[in-house]
Visitor: 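Right, I'll just put the structure down here and ask away after.
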Amino acid sequence: MKKITLMVFGLIQTFAFSQTQDLTTLAAGDHVGMNALFDDKDNLYGYVSLYSYGKSGDKTKKFEYVILDKNLNPVANKEFEGDITAASYLGYVDFKGQIILKPSMMDYSLVKSKEVFTPVSMVIDPKTNSITRKIYYDYLENGTFKEINEPKSWKEQRKENRDEKKEKGYNYVSAVGELKEGGYFAIEYKDYGKYENSNSLMKFDENKKEVWRYRYNTDGSKKIHTSLSVLERDENYMYCIMKKVNDKQKTFSLMVLDMKTGKEKSNKPVTGLSDDTIDNIESFYSGYRKLDNDKTFDDKVVLLGRNYDNSESVGFARMILNKSDFSVDTKAINYEPNISAFLPKVDKYGMVESGYMLQTKDMYFMNDGSVGILSEKYKPAGQYNAPKTTDLVYIYTDKDFKVKNVQVFEKEKSKWVNSDYLFSQYLNGGKDVVFFYRDYQKDEVTKQKRWNLFINTIIDGKFKQEIIPISEKDNYAVTPYVGKEGYILLREYNEKEKFNKIRLEKLNY
């Protein structure tokens, strides 16, 4: 294990090269957030930093964005009027190369409760450094589109839904999105409360003229109904899990739609896993967080879900969707006997010693179909006890989804912290991965606790760990964050002294 020494911000350091930016000097407003931006291939594009100037109108608030490149150089900034109910925004890059600022937190303090509405996203054009409100469309039951300029208050929406339900016996629900290849895609259905029916998937051209419509669940009821979960879509096909329910009997299939015609290209049964497992395979929640549980490759889509037995989670399930022949491969590993062969203390339901459980924190997908699963030993809060975390546990699987090894990263117990795990990045074009976690450890000489940053790489299937001791000045917090490949971003923050700096540090992997 190689040790590296790092002293942060103004202190002695062993690295000769770093890049620094003071967030407090980039704009005059109050700093309300910063996040990394990634392109459509998950490569780091840069960062967006947001600033608030407060209320500017009856329904507006003034903000400013600053775009930084991946070397922390500011490349664009602009003030804009956002909705008064937006507290901050998170940025992401869409398929057009635009930067979308999506409201990330609500601000209820400047409006009356009856006037609260959902703030809209903003669209930055990096080529012109211009920003506009994102245009939304409603698809109406009469087959027309309606542009949404101003969002309605929640109170107005609830009243409209109640009135519609009273008049028709159902609520008409639709949603519209843009397609990368041009045009629009929409869904619609009738919501009766306890069930829905008259579902449609629709494609429209750039002029909003209908190209095709795929109808399903036409006469759905409480006992007999059909649903679709979209797993992946490209310019040629849409890949969906179709679930048909007849009373208590469920059947599942991979239904592939031709995106040019809307016709079924394939519809093959999905078997080999329990109904609950297949029913939940498209999403993975852990500790109230939704994890990114799939990855698309040129030839396949790989998903990881929980494996259920009698509605209890007993392990993990992998599903591979082959794009060439539309076949599906399903496999499962359980805590017992597959994982317990390497981690004897784990029981059938993922519980380990002293009331701790394995809580999944992240997952890593490799091109050969192998998946790495990172968990943390977690003990929820009790009536008189704080929540606690201890060791991290990494589960290696091979291309056939068999457990190759389980590695335990021992660390000190943390109280009141839901996780010491930080984040991960793919390396070398997605072939390899690096993940980061922190741990407060006692210095053997001074006996004082300080926190260490652990950098863990898996390159060509081989594991390597490096440790960086992090020194914090009194009342200053240092937080690691994602940096460009081969670097980590460190943020040092002190609200009282208006100190808020970020810094890139080169890593040795």
Side-chain angles (χ1 to χ4, degrees), residues 37-43 45 48 65 67 76 78 80-83 89-103 118-152 157 171-190 198-218 228-240 242 255-266 296 298 301 323 326:
L37 302 170
F38 297 89
D39 63 20
D40 57 0
K41 292 183 171 31
D42 291 329
N43 298 313
Y45 175 98
V48 59
Y65 67 81
I67 306 298
K78 199 176 190 72
F80 66 94
E81 298 290 326
D83 287 324
Y89 296 85
L90 279 175
Y92 68 92
V93 181
D94 71 2
F95 59 79
K96 295 180 179 179
Q98 302 172 134
I99 298 172
I100 309 299
L101 300 182
K102 183 178 181 180
T118 302
V120 304
S121 297
M122 307 297 294
V123 182
I124 301 171
D125 184 346
K127 296 177 182 177
T128 60
N129 192 32
S130 58
I131 183 167
T132 56
R133 292 170 67 84
K134 184 173 175 60
I135 297 174
Y136 295 88
Y137 293 100
D138 248 349
Y139 183 75
L140 305 181
E141 196 169 4
N142 63 11
T144 61
F145 282 81
K146 179 183 177 182
E147 186 174 319
I148 305 171
N149 296 311
E150 294 294 333
K152 296 176 182 177
Q157 291 179 29
N171 287 123
Y172 176 78
V173 180
S174 68
V176 180
E178 290 185 83
L179 293 172
K180 184 176 182 179
E181 57 272 20
Y184 301 87
F185 186 79
I187 63 167
E188 67 172 0
Y189 60 90
K190 295 177 180 178
S198 303
N199 298 65
S200 292
L201 304 177
M202 298 162 285
K203 182 181 178 181
F204 300 86
D205 64 18
E206 291 87 345
N207 299 315
K208 303 181 186 66
K209 181 179 178 181
E210 186 175 309
V211 178
W212 54 256
R213 176 184 296 254
Y214 179 82
R215 292 182 172 88
Y216 66 99
N217 194 40
T218 307
L228 285 180
S229 298
V230 178
L231 302 181
E232 175 66 11
R233 187 191 63 78
D234 55 36
E235 62 181 9
N236 295 315
Y237 300 109
M238 177 181 291
Y239 307 89
C240 311
M242 175 175 278
M255 193 273 289
V256 182
L257 274 184
D258 189 314
M259 282 298 294
K260 293 180 174 61
T261 65
K263 303 293 185 183
E264 284 191 21
K265 183 72 175 179
S266 177
T296 300
D298 291 339
V301 181
K323 289 185 175 183
F326 310 130

Visitor: Flag the pair I148 / V120 as yes when at least one side-chain heavy-atom distance between them is below 4.5 Å, and no otherwise.
Guide: no
Visitor: What's the spacing between N236 CG and D258 CG if we round to 0.5 Å?
Guide: 7.5 Å
Visitor: Measure up the Y239 and F326 rings against each other and bin them: parallel (under 30°), tilted (30 to 60°), perpendicular (over 60°).
Guide: tilted
Visitor: Apply side chain to side chain donor-acceptor pair (under 3.5 Å) to E232 and Y237, showing your working.
Guide: CA-CA 8 Å; E232 175 66 11; Y237 300 109; over 6 Å; no
Visitor: List the atom of K102, the atom of Y92, and the distance in Å for their closest heavy-atom pair.
Guide: CB-CE2, 4.2 Å
Visitor: Measuring from atom OG1 of T132 to atom CE of M122, what distance do you get when rounded to the nearest 0.5 angstrom?
Guide: 6.5 Å
Visitor: Measure the spacing between OG of S198 and CD of E141 and express it to the nearest 0.5 Å.
Guide: 9.0 Å
Visitor: Can you confirm whether S121 sits close enough to Y89 that some side-chain heavy atom of one is under 4.5 Å from a side-chain heavy atom of the other?
Guide: no
Visitor: Run through N217, I187, T218 and flag the one making a side-chain contact (heavy atoms from CB on, under 4.5 Å) with N199.
Guide: N217
Visitor: Report yes if some heavy atom in the side chain of D40 is under 4.5 Å from a heavy atom in the side chain of K180; otherwise report no.
Guide: yes
Visitor: Atom NZ of residue position K265 - does it have more than 12 heavy atoms of other residues, nucleotides or ligands inside 6.0 Å?
Guide: no
Visitor: Any chance you could lay out the side-chain contact (heavy atoms from CB on, under 4.5 Å) test for D234 and T296, step after step, and finish with the verdict?
Guide: CA-CA 10 Å; D234 55 36; T296 300; over 6 Å; no
Visitor: Under the salt bridge (charged side-chain N to carboxylate O under 4.0 Å, His left out) rule, collect the residues that match up with D39, sequence neighbours excluded.
Guide: none
Visitor: Apply salt bridge (Lys or Arg N to Asp or Glu O under 4.0 Å) to the pair R213 and E188, showing each step before the final yes or no.
Guide: CA-CA 11 Å; R213 176 184 296 254; E188 67 172 0; 2.6 Å; yes
Visitor: Using only atom types and a distance under 3.5 Å, with no angle test, would you say the side chain of K203 pairs donor to acceptor with the backbone of G262?
Guide: no
Visitor: Quick one: does any side-chain atom of E210 pair with a main-chain N or O of M202 as donor and acceptor, under 3.5 Å?
Guide: no
Visitor: Inspect the contact between E181 and K260 and indicate whether a charged nitrogen and a carboxylate oxygen are less than 4.0 angstrom apart.
Guide: no
Visitor: Which of these passes ring-ring contact (aromatic ring centres under 6.0 Å, His included) with F204: Y137, Y184, Y139?
Guide: Y139
Visitor: How far apart are the C-alpha atoms of T144 and K146, what are their side-chain angles, what is the distance that settles it, and do they pass the side-chain contact (heavy atoms from CB on, under 4.5 Å) test?
Guide: CA-CA 7 Å; T144 61; K146 179 183 177 182; 6.0 Å; no
Visitor: Would you say the side chain of F185 lies within less than 4.5 Å of the side chain of M238, judging by non-hydrogen atoms?
Guide: yes
Visitor: So do the side chains of V123 and R133 get within less than 4.5 Å of each other, counting heavy atoms only?
Guide: no
Visitor: Is there side-chain contact between Y45 and P126, with heavy atoms separated by less than 4.5 Å?
Guide: yes
Visitor: Report yes if some heavy atom in the side chain of I124 is under 4.5 Å from a heavy atom in the side chain of K78; otherwise report no.
Guide: no
Visitor: Does any part of the side chain of L231, heavy atoms only, come nearer than 4.5 Å to the side chain of V301, both counted from C-beta?
Guide: no
Visitor: Above 12 or not: heavy atoms from other molecules or residues under 6.0 Å from NZ of K152?
Guide: no
Visitor: Donor-acceptor pair, N207 side chain versus K209 backbone, under 3.5 Å?
Guide: no
Visitor: Calculate, to the nearest 0.5 Å, the distance between atoms CZ and CE belonging to R233 and M259 respectively.
Guide: 4.5 Å
Visitor: Looking only at atom types and distance, does a side-chain atom of W212 sit under 3.5 Å from a main-chain N or O of L201, one as donor and one as acceptor?
Guide: no
Visitor: Does either side chain, that of N129 or that of Y65, offer a donor lying less than 3.5 Å from an acceptor on the other one?
Guide: yes
Visitor: Can you tell me how far the CG atom of N171 sits from the NZ atom of K190, to the nearest 0.5 Å?
Guide: 12.0 Å
Visitor: Please name all residues satisfying salt bridge (charged side-chain N to carboxylate O under 4.0 Å, His left out) with R215, sequence neighbours left out, ordered by chain then number.
Guide: none
Visitor: Can you tell me how far the CG atom of L37 sits from the CD1 atom of I67, to the nearest 0.5 Å?
Guide: 6.0 Å
Visitor: Assess whether atom CG of D298 is packed by more than 12 heavy atoms of other residues, nucleotides or ligands within 6.0 Å.
Guide: no
